[in-house]
Amino acid sequence: QVQLVESGGGLVQAGGSLRLSCAASGRTFSRYGMGWFRQAPGKEREFVQAITWNGDRTYYADSVKGRFTISRDNAKNTVYLQMNSLKPEDTAVYYCAAGSSLRTYGSSREYDYWGQGTQVTVSS
């Protein structure tokens, strides 16, 4: 069992930056691939970025390429999402997720555990 708690969301102006954190409970965090997803009002949840269990590979959505960076610290049981050059269309609730048997990393169905989400609002 893994419990995930996101933090770091908030209100920021367009062009600004935020860093989201996702703290995981349990001693098996390093066994899980981790992903960030987001969901805007009236839209489906969409993939943002993901990282393998040891951090050797990352995956990203085209919409965040060059602006967002995912990283993890297995010693701290934490995964991060650094978001730069934020745009109003990045406004959403951001969720972190953990999966033990990820294949594509981009499908929400592959993930076993989810956090409650943190709101990110980007004003124009």
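Note that the coordinates shown come from a computational prediction; the quantities given were computed from them, not determined experimentally. Heavy atoms only: backbone and side chains are in, while hydrogens, waters and symmetry mates are out.
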(message) Between L102 and Y111, does the side-chain contact (heavy atoms from CB on, under 4.5 Å) criterion hold? Intermediate values first, please.
(response) CA-CA 7 Å; L102 301 176; Y111 290 82; 3.7 Å; yes
(message) Applying side-chain contact (heavy atoms from CB on, under 4.5 Å) to R31 and W53, what does each step give before you reach the verdict?
(response) CA-CA 6 Å; R31 298 180 185 177; W53 68 273; 5.9 Å; no
(request) With side-chain contact (heavy atoms from CB on, under 4.5 Å) as the test, would you mind laying out the steps for M83 and D90 before giving the verdict? (result) CA-CA 10 Å; M83 305 186 295; D90 294 318; over 6 Å; no
(request) Apply the test side-chain contact (heavy atoms from CB on, under 4.5 Å) to residues F29 and N74: give CA-CA distance (whole Å), side-chain angles for both, the deciding distance (0.1 Å), then the verdict. (result) CA-CA 7 Å; F29 173 73; N74 286 346; 3.2 Å; yes
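Not one N or O on the side chain of Q119 forms a donor-acceptor pair closer than 3.5 Å with the backbone of G9. Although no hydrogens or angles enter the test, the distance criterion places a donor-acceptor pair under 3.5 Å between the side chain of S25 and the main chain of Q3. The closest donor-acceptor contact from the side chain of E110 to the backbone of G99 lies at 3.5 Å or more, if one exists at all. With hydrogens and angles disregarded, a donor-acceptor distance shorter than 3.5 Å links the side chain of R67 to the backbone of S85. Without hydrogens or angle criteria, D112 side chain to S100 main chain gives a donor-acceptor distance under 3.5 Å. Side chain of E6 to backbone of L20: no donor-acceptor contact under 3.5 angstrom is found. In this structure a side-chain-to-backbone donor-acceptor pair under 3.5 Å is present from T91 to V122.
Exactly one residue among V2, L4, T78 makes a side chain to side chain contact (heavy atoms under 4.5 Å, CB included) with M34. That residue is L4.
Here the shortest heavy-atom pairing between A40 and A92 reads N-CB, 3.8 Å. Y94 and R38 get closest at one heavy-atom pair: OH-NH1, 2.9 Å. Of all heavy-atom pairs between V48 and V64, the closest is O-CG2, 3.6 Å. Nearest heavy atoms, L86 versus L18: CD1-N, 3.9 Å.
Once rounded to the nearest 0.5 Å, the distance linking OG of S124 with NZ of K87 reads 14.0 Å. To the nearest 0.5 Å, atoms OG (S63) and CD (Q49) are separated by 9.5 Å. Considering CH2 of W36 and CZ of F68, their distance stands at 11.0 Å, rounded to 0.5 Å. Going from atom CD of Q39 over to atom CD of E46 covers 9.5 Å, rounded to the nearest 0.5 Å. To the nearest 0.5 Å, atom OH of residue Y80 and atom OG of residue S7 are 9.0 Å apart. Between C22 atom SG and N77 atom CG the span is 10.0 Å, to the nearest 0.5 Å.
Between Y105 and T52, some side-chain heavy-atom pair lies under the 4.5 Å cut-off.
With hydrophobic clusters built from ILVMFWY side chains whose heavy atoms lie under 4.5 angstrom apart, F37 does not share a cluster with I51.
For Y59 and F47, the distance between ring centers is not under 6.0 angstrom.
Side-chain contact of S71 with Q82: a donor-acceptor pair under 3.5 Å is absent, judged by distance alone.
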